[in-house]
A.B. asks: 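Sharing a structure with you now.
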Amino acid sequence: MAEYPSLSIDRFDRDNLLAKAFFLSHCHKDHMKGLKAPALQRRLECSLKLRLYCSPVTKEILLTSSKYKFWENYIAAIEVETPTQISLVDEAAGKKEDILVTLLPAGHCPGSVMFLFEGMGGTVLYTGDFRLASGEAARLEWLHSGGRVKDISTVYLDTTFCDPRFYQIPSREECLNGIMQLVGSWVTLSPYHVVWLNCKAAYGYEYLFTNLSEEFSIQVHLNKLDMFKNMPEILHHVTTDRMTQIHACRHPKEDYFVRANRLPCGNIAADGTPLRIISIKPSTMWFAERIKRANVIVRTSESCYRACFSFHSSFTEIKDFLSYIQPVTVHANVLPMGKTYEEVKEILKSFCRKDCGDEAVYKPLGKLKRWRQSFSNEGDGDIDGLFDDYHVMPVKRALCVPPPSPPTDRREPDDEVLVNSEPPACFIPEFHDCEESNEEDEEEEIDGADAEETSAPRASGGAGQRAGGTASEETIAPSWHSFFQRERDEDWEREMAPHSPKLFSDSEDGDSTHDPSQSSSQSTHISERASQGSGLETE
C-alpha cells in the first residue's frame, strides 16, 4: 500500500516481513500467504510492538488451527465499526506514527472485513474480498462524516468479477430461495431422502447452513465443528451426527473425484436402508461457461444440481459501490479471468472521481508554437491528437514609459515581448500491484496448510491502542450477524423484483421444470471455471 508502506495487509512474506503492523481481512488461504512461516515467527519473537489486527470472528477461526497458535499473544481483535487508533512504531529509530483504523463488514464470509485507514497518508479503503449489494454502501455509517461520504483518496478493490461478463449475479437471497425450494421438495418425501451441499471449502457457506437449518429444523452435518465453538449462533445449526437429512460433509482430498451423488459419510442409513441422495454444488464461475443463459438452479444430471452462489460483488455491484464513494484512485487487488492489468485499470478509471465530473478537466486551446518532445511514450498513445491548431497570443506586459525626449530623426523599433512556451510533460503514475490470488486451486481450508512450514513457541506481547480505549485481546463471543444480514430493504426488493432470475432449469436452455410459476428474467451472464478442487474457496 503506497499511502501506508509500513502496513502489511493479507500478505506476510518477502518485504512484508518488515512491516510495523499486520492486518488480516479474513481466513482464506489466498489472503494468508506467509502467515505461519518460520521467518515471520522469528520476527515476532524479536519485536515488542508487532501485532496482527483482525475482526474477533477471524481471530477465533484462525486460532482453531494448531499451526497458527503461536499468534495467540500477538493478535489484537478490533470490533467491527469501531474506529481504533493504533501506533506504528519504528523500534530501531524510536519514531511513532498514529493512524485511525475502522473495520467495516465485507459480506464475503464470517469475519471478513474491509479496512478504512485515516492518517497522514490520507483516507484509504482496502476491501479485501467483499460482496455488497447495490445500495449497501450508503448504509455503512463509518464511510460517512458530517452527512456526506468521506473524501477517500484510494481504494484497493476486490476485482474478481470486475468484468462486464459478470454484469449481474443473483443475490444470496435469490440463491437461498432456490436451494430452499429444492431441498424442501426432496427431504419431505421420506426420512431416507437426503441432500448433500457439495461445498468446496469448509468455511464460508455458513449463511446457507443456518438458514436451511432454521427453515426445516434440521441440523447440517459437517466433518468438524472446532471453528464454531465460540459462535453459538452457528453452532446451534450444525452437527457431527451423520443421521440427518442435510449434509455439507466433505470427501478426503484423495477421494474427492468420485461420483457426485456419493455422500462422503456413507450412502446407507443406520437401519441398512439405502439413502436417496441429491447433490447441490454452489458456485459462480461454472455459470459463465454456459453459452446460453442459465437460471439460479440448474439440473446437470439425474441427481446433481448447480446453484449460482457468489462470495464476490458483480460488475454492477462494483460499479454501484465506486460510483457512491467516488475515490480519486482505484487499484485492482486481483485480475478477472482472461483480463490483463491494463484492461482492468481502464475499466476502473471510468469509476474514479475525475471521470465523474467532480474535477475540472483542463483542455488546452491548441498546439503551442514552440514545444519539445517531452512526453512519455509508454501507454499514453498519440499525444498530438489532444490539441487543435491555434495561434498563441503574445503576453502583454506593462512597460515603463521614459520621460519625453526631444524628437530625433532616428527611430528605434518598439519593444517586443517574446514568450517561449513549452507543453507540460506527461507522467505515468506508478500503480501498486497487489499480489492476491483468487485461483480456485490455490485456496484450501484452515487445516490444510503447507507441511513444510512449522510452528514456533508462543511469545507474549501487548495490543494496539484504540481511540478512547485499548484494542482488547480478550473479547466476548463474537457475533457473526454483522457480516450477513438476511433482512432486506423492502423498497429495494420491490425495485429489484422484476430482475430476479428464474430459479430452476433442467438444462442449459433454461426451461423450468420445478416451478413453472416462477417469473423468468435476465439470467446471469457470469462465468466461472468448473473446478472440482477440494477445500478451495475463492468466490
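Any value given below was found using the heavy atoms of this structure, including those in side chains, with hydrogens, waters and symmetry copies removed.
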A.B. asks: Test of understanding: with salt bridge (charged side-chain N to carboxylate O under 4.0 Å, His left out), list the residues that count as partners of Glu81, not counting sequence neighbours.
C.D. replies: none
A.B. asks: Do His108 and Asp158 come within less than 4.5 Å of each other through their side chains, counting heavy atoms only?
C.D. replies: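 Side chain of His108 against side chain of Asp158, heavy atoms only: no contact under 4.5 Å found.
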A.B. asks: What I'd like to find out is whether the side chain of Phe130 reaches to under 4.5 Å of the side chain of Ser313, using heavy atoms alone.
C.D. replies: yes
A.B. asks: Counting only heavy atoms from other residues, nucleotides and ligands, does the tally under 6.0 Å from NZ of Lys319 exceed 12?
C.D. replies: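 Open.
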A.B. asks: Can you name the nearest heavy-atom pair linking Trp142 to Leu116, along with the distance?
C.D. replies: O-CD2, 3.3 Å
A.B. asks: Test your reading of the model: is there a side-chain donor-acceptor pair from Ser350 to the backbone of Ile347, 3.5 Å cut-off?
C.D. replies: yes
A.B. asks: Minimum heavy-atom separation for Arg172 and Arg131, please, with both atom names.
C.D. replies: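 What the structure gives for the nearest pair is NH2-O, 3.8 Å.
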A.B. asks: Would a distance-only check, ignoring hydrogens and angles, find a side-chain to backbone donor-acceptor pair under 3.5 Å from Arg306 to Val298?
C.D. replies: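 No.
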A.B. asks: Does the side chain of Gln181 come within less than 4.5 Å of Ile297's, by heavy atoms?
C.D. replies: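 The answer is no; the side chains never approach within 4.5 Å.
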A.B. asks: Taking Ala19's backbone N and O only, do any of them form a donor-acceptor pair with Arg43's side chain (distance below 3.5 Å, no angle check)?
C.D. replies: yes
A.B. asks: Any sub-3.5 Å donor-acceptor pair from Thr210's side-chain atoms to Glu206's backbone N or O?
C.D. replies: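 Judged by distance alone, yes, a pair lies under 3.5 Å.
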A.B. asks: Is it true that the side chains of His28 and Asp129 contain a donor and an acceptor less than 3.5 Å apart?
C.D. replies: no
A.B. asks: When the ring planes of His312 and Phe161 are compared, do they come out parallel, tilted or perpendicular, using 30° and 60° as the limits?
C.D. replies: perpendicular
A.B. asks: Does Asp151 reach the main-chain N or O of Thr123 with its side chain, forming a donor-acceptor pair under 3.5 Å?
C.D. replies: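 Checked: no pair found.
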A.B. asks: Dump the intermediate steps for side-chain contact (heavy atoms from CB on, under 4.5 Å) on Cys308 and Ile169, then the final yes or no.
C.D. replies: CA-CA 8 Å; Cys308 186; Ile169 301 176; 4.2 Å; yes
A.B. asks: Between Val334, Thr127, Leu335, which is the residue that forms a side chain to side chain contact (heavy atoms under 4.5 Å, CB included) with Thr159?
C.D. replies: Val334
A.B. asks: Applying salt bridge (charged side-chain N to carboxylate O under 4.0 Å, His left out), name anything that partners Asp90, two or more places apart in sequence or on another chain.
C.D. replies: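 Asp90 satisfies salt bridge (charged side-chain N to carboxylate O under 4.0 Å, His left out) with no residue once adjacent residues are dropped.
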A.B. asks: For residues Leu132 and Ala106, report the shortest heavy-atom separation together with the two atoms involved.
C.D. replies: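 What the structure gives for the nearest pair is CD2-O, 4.1 Å.
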A.B. asks: Would you please indicate if the ring centroids of Tyr341 and His331 are separated by under 6.0 Å?
C.D. replies: no
A.B. asks: Are any non-hydrogen side-chain atoms of Ile61 and His26 less than 4.5 angstrom apart?
C.D. replies: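 No, their side chains stay 4.5 Å or more apart.
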A.B. asks: Is the side chain of Tyr324 donor-acceptor paired with the backbone N or O of Glu136 at a distance under 3.5 Å, no angle test?
C.D. replies: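 Checking the backbone N and O of Glu136 against the side chain of Tyr324, no donor-acceptor pair under 3.5 Å is found.
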A.B. asks: Would you call Leu35 and Leu52 a side-chain contact if the rule is heavy atoms closer than 4.5 Å?
C.D. replies: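 When only atoms from C-beta onward are counted, Leu52 and Leu35 do touch, with a gap below 4.5 Å.
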A.B. asks: Can you tell me how far apart SG (Cys54) and CD (Glu60) are? Round to the nearest 0.5 Å.
C.D. replies: 9.5 Å
A.B. asks: State, to 0.1 Å, how close Ala21 and Leu88 come at their nearest heavy-atom pair, and which atoms those are.
C.D. replies: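 It is CB-CD2, 3.6 Å.
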A.B. asks: Quick one: pull up CD in Glu317 and CD in Gln168 and give me the separation to the nearest 0.5 Å.
C.D. replies: 8.5 Å
A.B. asks: Is a donor on one side and an acceptor on the other found under 3.5 Å between the side chain of Tyr4 and the backbone of Val124?
C.D. replies: no
A.B. asks: Evaluate the side-chain contact (heavy atoms from CB on, under 4.5 Å) criterion for residues Thr82 and Leu103: first the C-alpha distance (whole Å), next the side-chain angles of each, then the deciding distance (0.1 Å), finally the verdict.
C.D. replies: CA-CA 7 Å; Thr82 303; Leu103 276 59; over 6 Å; no
A.B. asks: So, does Ser283 use its side chain to make a donor-acceptor pair with the main chain of Trp286 at under 3.5 Å?
C.D. replies: no
A.B. asks: Show the numbers, then the answer: is there a salt bridge (Lys or Arg N to Asp or Glu O under 4.0 Å) between Lys20 and Glu97?
C.D. replies: CA-CA 10 Å; Lys20 299 174 185 175; Glu97 176 187 0; 5.7 Å; no
A.B. asks: Using 0.5 Å steps for rounding, measure from the CG atom of Leu40 to the OG atom of Ser8.
C.D. replies: 8.5 Å
A.B. asks: Should Pro105 and Leu140 count as side-chain neighbours, where that means a heavy-atom distance under 4.5 Å?
C.D. replies: yes
A.B. asks: Using 30° and 60° as the class limits, which term best fits the ring planes of Phe115 and Phe23: parallel, tilted or perpendicular?
C.D. replies: perpendicular
A.B. asks: With sequence neighbours left out, write down each residue that passes side-chain hydrogen bond (donor to acceptor under 3.5 Å, both in side chains) with Glu141, or none if nothing qualifies.
C.D. replies: none
A.B. asks: Give me the atom names and distance for the closest heavy-atom approach of Phe315 to Pro164.
C.D. replies: CD1-N, 3.8 Å
A.B. asks: To the nearest 0.5 Å, tell me how far Arg353 CZ sits from Leu322 CG.
C.D. replies: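 CG of Leu322 is found 12.0 Å from CZ of Arg353.
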A.B. asks: List for me each residue that meets side-chain hydrogen bond (donor to acceptor under 3.5 Å, both in side chains) alongside Lys49, sequence neighbours excluded, and say none if there are none.
C.D. replies: none
A.B. asks: Please identify each residue that fulfils side-chain hydrogen bond (donor to acceptor under 3.5 Å, both in side chains) with Thr58, with sequence neighbours left out.
C.D. replies: Ser55
A.B. asks: side-chain hydrogen bond (donor to acceptor under 3.5 Å, both in side chains) with Thr154: which residues, sequence neighbours excluded?
C.D. replies: Glu3
A.B. asks: Taking C-beta and beyond as the side chain, do Phe287 and Ser310 meet within less than 4.5 Å on heavy atoms?
C.D. replies: no
A.B. asks: Mind telling me whether Phe22 and Trp71 have parallel, tilted or perpendicular rings, with 30° and 60° as the class edges?
C.D. replies: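 Rings of Trp71 and Phe22: perpendicular, as their planes differ by over 60°.
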A.B. asks: Are the side chains of Leu7 and Ile99 in touch, meaning some heavy atoms are under 4.5 Å apart?
C.D. replies: yes
A.B. asks: If you round to the nearest 0.5 Å, how far is CG of Asn211 from CD of Glu215?
C.D. replies: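 Answer for the CD-CG pair, Glu215 versus Asn211, is 8.5 Å.
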A.B. asks: Decide side-chain contact (heavy atoms from CB on, under 4.5 Å) for Ile152 and Leu143; before the verdict, give the C-alpha distance in whole Å, the side-chain angles of both, and the deciding distance to 0.1 Å.
C.D. replies: CA-CA 9 Å; Ile152 298 176; Leu143 283 180; 4.0 Å; yes
A.B. asks: Working to the nearest 0.5 Å, report the span between OG of Ser112 and NE2 of His31.
C.D. replies: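 Between Ser112 OG and His31 NE2, I get 9.5 Å after rounding to 0.5 Å.
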A.B. asks: Answer yes or no: is there a donor N or O on one side and an acceptor on the other, between the side chain of Asp10 and the main chain of Ser25, under 3.5 Å?
C.D. replies: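 Checked: pair present.
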A.B. asks: Show the numbers, then the answer: is there a side-chain contact (heavy atoms from CB on, under 4.5 Å) between Ile75 and Leu24?
C.D. replies: CA-CA 10 Å; Ile75 297 182; Leu24 179 63; over 6 Å; no
A.B. asks: Taking all atoms of both residues into account, what is the closest heavy-atom pair of Ala2 and Tyr156, and its distance?
C.D. replies: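 What the structure gives for the nearest pair is N-OH, 3.3 Å.
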A.B. asks: Please confirm whether the backbone N or O of Asp13 pairs with a side-chain atom of Asn16, one donor and one acceptor, at under 3.5 Å?
C.D. replies: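 Yes, because the side chain of Asn16 sits within donor-acceptor range (under 3.5 Å) of the backbone of Asp13.
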